[in-house]
Amino acid sequence: MKQFISTQDTTDINELVHKALEYKASPFKDKTLGAGKRMGLLFLNPSMRTRLSTQIAASNLGMESIVFNVGQEGWALEFEDEAIMSGNTVEHVKDAAPILGNYFDVLGIRTFPSLKNKEDDYSELYIKQFIKYAGIPVVSLESATLHPLQSLTDIITIRETFKEKRKPKIVLTWAPHVKALPQCVANSFSQWVTAWGEADFVITHPEDYELDKQFTEGATITHNQSEALKEADFVYVKNWSTYTDYGKIYCNEPEWMLTNKKLALTNNARVMHCLPVRRNVELSDEILDGTNSVVTQQASNRVWAAQTVLSEILKNK
Ligand code: CP
């Protein structure tokens, strides 16, 4: 594996899942694979799970990791080629990234979208510029449109939880929120589940919350949440802002929040969320504190997804 940005960086999702579950059973089995290697973790935005799980994953492989909160502690970076830097940006990625490429063997980057300019966000300029100028493997720690380490984790969690011989029914449901959030997690989950191809996959959201079609090809899409939830084995709850009229909140009906009454429509579904979650806005206490929630297991599995991806990259170096 040369980089980890989307499903296109892997040819076999099941192999990654299998390997991740092996790491879960035996975390230190490759404890010298990353000896003498160093990973840089650049955060332009806040994080708890991604940051800590990737550091633990690197440590399990014997690789040093250094976190740099660029968004808070670094020089303001410019990403546009040929920019006249007379505004707020202080350093061009073209100058910074090659230095990071010399300091580190692997580079992880977290960026968020602006939610103001769809074309800019969906061009993935920030992460593409780091790939172009760093000259070392880049791992997305969440980009403007995708969150692949989260999605790999999600499939690992579904695979280890679902023991029946048939395909699981997985429902991705939109949920209310007080802020306009990126589409990354929903895009990425859709991309990974459809590429995986081992589930009946339904997406439900209010009108006007359609996701970019490039990520939802193969999914059934409905505005009827109750219909979607019927016989679901997994319900993945997530808010996202509008894609077409970009970055807006239209409908924000509290009725879209998952409750035990709605869960009764499902096949005793496991409930997933990437976290952080706004309790009793996006997801109810009764669900999060109930026995169907797998959110802690899911977040814990972030380590094994990251360790798998890093090991694949290290083996290729
Ligand atoms: N799910 C997730 O990416 O969590 P963090 O924002 O805390 O990293």
Do other residues, nucleotides or ligands put more than 12 heavy atoms under 6.0 Å from [X] [atom1]?
{"X": "K315", "atom1": "NZ", "result": "yes"}
{"X": "D12", "atom1": "CG", "result": "yes"}
{"X": "F104", "atom1": "CZ", "result": "yes"}
{"X": "E217", "atom1": "CD", "result": "no"}
{"X": "Y103", "atom1": "OH", "result": "no"}

Any Lys/Arg nitrogen of K169 or D200 sitting under 4.0 Å from an Asp/Glu carboxylate oxygen of the other? no
Electrostatic pair D154:K238 at N-O distance under 4.0 angstrom: no
Please determine whether residues [X] and [Y] belong to a single hydrophobic cluster, defined as Ile, Leu, Val, Met, Phe, Trp and Tyr linked transitively by side-chain heavy-atom distances below 4.5 Å.
{"X": "I155", "Y": "F162", "answer": "yes"}
{"X": "I5", "Y": "L16", "answer": "no"}
{"X": "W174", "Y": "F234", "answer": "yes"}
{"X": "V294", "Y": "I158", "answer": "yes"}
{"X": "L44", "Y": "F68", "answer": "yes"}

Any luck finding a side-chain donor-acceptor pair between [X] and [Y] under 3.5 Å?
{"X": "E142", "Y": "N45", "value": "no"}
{"X": "N301", "Y": "T157", "value": "yes"}
{"X": "S241", "Y": "Q183", "value": "yes"}
{"X": "Q214", "Y": "N187", "value": "no"}
{"X": "Q297", "Y": "T161", "value": "yes"}

Sub-3.5 Å donor-acceptor pair from the side chain of [X] to the main-chain atoms of [Y], do we have one?
{"X": "T216", "Y": "A219", "value": "no"}
{"X": "H147", "Y": "A186", "value": "no"}
{"X": "N117", "Y": "E119", "value": "yes"}
{"X": "Q298", "Y": "T153", "value": "no"}
{"X": "T266", "Y": "L263", "value": "yes"}
{"X": "T242", "Y": "K248", "value": "yes"}
{"X": "S188", "Y": "V185", "value": "no"}
{"X": "E78", "Y": "E80", "value": "yes"}

Can you list everything that forms a side-chain contact (heavy atoms from CB on, under 4.5 Å) with [X]? Sequence neighbours excluded, please.
{"X": "T204", "answer": "V171, T173, T222, Q225, A228, W256"}
{"X": "A97", "answer": "V93, F130, Y133, A134"}
{"X": "K2", "answer": "N316"}
{"X": "A144", "answer": "P113, D121, E124"}

Are [X] and [Y] close enough that some pair of their side-chain heavy atoms sits under 4.5 Å apart?
{"X": "D120", "Y": "L125", "value": "no"}
{"X": "S140", "Y": "I127", "value": "yes"}
{"X": "L229", "Y": "V235", "value": "yes"}

Could you pull out the closest heavy-atom pair between [X] and [Y], with the gap in Å?
{"X": "K37", "Y": "D105", "answer": "CA-OD2, 3.2 Å"}
{"X": "A306", "Y": "L149", "answer": "CA-CD2, 3.9 Å"}
{"X": "M272", "Y": "V295", "answer": "C-CG1, 4.1 Å"}
{"X": "E207", "Y": "E210", "answer": "C-OE1, 4.5 Å"}
{"X": "T259", "Y": "S284", "answer": "CA-OG, 3.9 Å"}
{"X": "L77", "Y": "A96", "answer": "CD2-CB, 4.0 Å"}

Partner residues of E164 under the side chain to side chain donor-acceptor pair (under 3.5 Å) criterion, sequence neighbours left out: R166
Residues which pass side chain to side chain donor-acceptor pair (under 3.5 Å) with T7, listed by chain and number, not counting sequence neighbours: Q191
Roughly how far, to the nearest 0.5 Å, is the [atom2] atom of [Y] from the [atom1] atom of [X]?
{"X": "I156", "Y": "S300", "atom1": "CD1", "atom2": "OG", "value": "12.0 Å"}
{"X": "W240", "Y": "I249", "atom1": "CH2", "atom2": "CD1", "value": "13.5 Å"}
{"X": "E282", "Y": "I287", "atom1": "CD", "atom2": "CD1", "value": "13.0 Å"}
{"X": "L152", "Y": "I13", "atom1": "CG", "atom2": "CD1", "value": "8.0 Å"}
{"X": "K261", "Y": "S226", "atom1": "NZ", "atom2": "OG", "value": "9.0 Å"}
{"X": "S65", "Y": "L52", "atom1": "OG", "atom2": "CG", "value": "10.0 Å"}

So, using ring pair (Phe, Tyr, Trp, His ring centres under 6.0 Å) as the criterion, who are the partners of F215 when residues are at least two apart? none
I'd like to check the ring pair (Phe, Tyr, Trp, His ring centres under 6.0 Å) partners of H205; sequence neighbours left out, ordered by chain and number. H223
Could you name each residue pair satisfying ring pair (Phe, Tyr, Trp, His ring centres under 6.0 Å) that touches residues 3-56, not counting sequence neighbours? F4-W192
N/O donor-acceptor pairs under 3.5 Å from side chains in residues 54-64, not counting sequence neighbours:
unit_1 : atom_1 : unit_2 : atom_2 : d
T54    : OG1    : T50    : O      : 2.6
N60    : ND2    : Q307   : OE1    : 2.9
E64    : OE1    : R38    : NE     : 3.0

Does D81 form a side-chain contact (heavy atoms from CB on, under 4.5 Å) with K132? I'd like the steps, not just the answer. CA-CA 12 Å; D81 283 329; K132 184 171 170 187; 3.5 Å; yes
Using salt bridge (Lys or Arg N to Asp or Glu O under 4.0 Å) as the criterion, list what pairs up with D9, not counting sequence neighbours. none
Evaluation steps, side-chain contact (heavy atoms from CB on, under 4.5 Å), between V277 and V237: CA-CA 10 Å; V277 64; V237 179; over 6 Å; no
Passes side-chain contact (heavy atoms from CB on, under 4.5 Å), V139 versus V106? Steps please. CA-CA 8 Å; V139 175; V106 184; 4.0 Å; yes
I need the full list of salt bridge (Lys or Arg N to Asp or Glu O under 4.0 Å) pairs touching residues 16-27, with sequence neighbours left out, sorted by first then second residue. K19-E312, E22-K29, K24-E160
Between F201 and Y236, is the ring centroid distance below 6.0 Å? no
